[in-house]
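Because the structure is predicted, anything quoted here is derived from the model rather than measured.
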Amino acid sequence: MSGSLVVVVLPLLALLVLGVATIVLAVGLARRPAPAPSQAAEVARRHGRNVHVAAWLAALLVPQVVASAAPVAFHAAPGSYPLLGGVLVGLAPAVAGSAFLTAHLVGERTWPRPTGTVRRAALGHRRVVDVVPRPLLRVTAAWTVGLVLVLVAAGLTAADDGRSVVRTVGSSTWGASPYPGWFYGVPLLVATAVVVVLTAITLRVVTQRPAVVDADPTYDAASRRLSGHRVLRGTQLVLALTLAGVLFFAGNALRGVELVGLGAGTAIAGVLVALTGAALALVPAAPPVATTPAWQAAPGPARVGP
């Protein structure tokens, strides 16, 4: 990857993240929320919305700051910028994702705490799987496993330089680059681990944050699931874009060594992964619905039945 490729790819990535963020926020802000069951619930809802907006802004802006600082950081190693720039392109989704998750983590850690002399909250053990949509969790796991497997396979089949692929048939030899061997794969594996760990920590904090006072436990649980959905759809988008980039560049390199069918199929798979990740990032989360708190509900007539 050349330095010019960095200049082209990073703005395109920024535009994609901006487009997804704009649609997500527009849909979220345009939807009229149901009335909150209490003032505390309204404060919590506003806090969650502000955190979500800040997280998408961080995902958009931080990679641009890193890209702007990269030439200065690489200036001490003349001639290495094209190679290191290729690594930077690969890490761009993970950088955006880390900023996104960090903003959410800070927001969850600063969640409004109960006030007043009387506080009520349902007691119960919460797990991470209880605060996220399970289908989205499975998709995120699939992106993670697929990314690791593809990077390991590319690393094992790359040339000795770790960034190209070579194929020899009889007396003919072909070589192509960039190829996501260990030169690119190791930083991407580390970045993937960072994103997954940040996601797990953030979701864990969601399960442990203070409950919304004077609200039905069902409302509080739905509020947590809303936060979990927001976190997870950003994570799956980051992993999907990283996997898509790896597949796309691997496919191009494979076509360059006369594996046209395999290369084309791999590149097309990368495009499909990117489109799927973007589509899933646009799926709106179900907002919490206000109901009558259990301790305020009037007793109903006795019911006889099976």
Side-chain angles (χ1 to χ4, degrees), residues 1 3-26 28-29 47-76 81-111 140 143-144 147 184 186-206 227-246 274 277-278 280-282:
M1 298 183 187
S4 60
L5 185 59
V6 177
V7 175
V8 172
V9 173
L10 285 181
L12 290 178
L13 177 64
L15 288 176
L16 177 59
V17 174
L18 176 61
V20 172
T22 300
I23 296 175
V24 169
L25 296 177
L29 295 176
H47 181 84
R49 180 192 60 198
N50 293 339
V51 168
H52 192 46
V53 172
W56 281 109
L57 290 176
L60 173 65
L61 297 177
V62 170
Q64 301 306 306
V65 174
V66 173
S68 300
V72 177
F74 297 156
H75 182 70
Y81 179 65
L83 295 179
L84 296 178
V87 176
L88 182 63
V89 169
L91 293 177
V95 172
S98 297
F100 176 87
L101 292 167
T102 299
H104 267 290
L105 179 58
V106 172
E108 294 298 327
R109 293 291 298 176
T110 57
W111 195 261
T140 304
W143 293 153
T144 304
L147 178 57
Y184 302 110
V186 171
L188 288 176
L189 287 171
V190 173
T192 299
V194 170
V195 169
V196 171
V197 170
L198 275 176
T199 301
I201 293 174
T202 304
L203 293 177
R204 184 62 179 169
V205 174
V206 171
S227 297
H229 187 120
R230 287 170 169 173
V231 169
L232 207 54
R233 70 181 173 186
T235 296
Q236 71 82 28
L237 176 62
V238 167
L239 295 172
L241 291 179
T242 304
L243 176 58
V246 170
L280 291 175
L282 298 178

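Not counting sequence neighbours, Thr140 has no partner by the side chain to side chain donor-acceptor pair (under 3.5 Å) test.
Here the side chains of Val231 and Leu101 are in contact, with some heavy-atom distance below 4.5 Å. The shortest distance between side-chain heavy atoms of Leu239 and Leu243 does not fall below 4.5 Å.
Between Ala58 and Ala103, the shortest heavy-atom contact is CB-CB, 4.5 Å. When all heavy atoms of Ala240 and Trp143 are compared, the closest pair comes out as CB-NE1, 3.6 Å. The nearest pair of heavy atoms linking Gly90 to Leu188 is O-CD2, 3.2 Å. When every heavy atom of Pro93 is checked against every heavy atom of Val238, the shortest pair comes out as O-CG1, 3.3 Å. Contact detail for Ala96 and Ala59: the closest heavy-atom pair is CB-O, 3.3 Å. Here the shortest heavy-atom pairing between Val205 and Arg109 reads CG1-CD, 3.8 Å.
Aromatic ring pairs are classed by plane angle as parallel below 30°, tilted from 30° to 60° and perpendicular above 60°; the pair His104 and His52 is tilted.
The structure places CG of Leu189 at 7.0 Å from CG of Leu147, a figure rounded to the nearest 0.5 Å. Atom CZ of Arg204 is separated from atom CD of Glu108 by 13.5 Å, given to the nearest 0.5 angstrom. Here Arg230 contributes atom CZ and Trp56 contributes atom CH2; the two are 11.5 Å apart, rounded to the nearest 0.5 Å. With values rounded to the nearest 0.5 angstrom, Thr235 atom OG1 is found 7.0 Å from Leu203 atom CG. Atom CZ of Phe100 and atom OG1 of Thr199 lie 9.0 Å apart (nearest 0.5 Å). With values rounded to the nearest 0.5 angstrom, Leu232 atom CG is found 11.5 Å from Leu237 atom CG.
None of Val87, Val89, Val246 except one satisfies the side-chain contact (heavy atoms from CB on, under 4.5 Å) rule with Tyr184; the exception is Val87.
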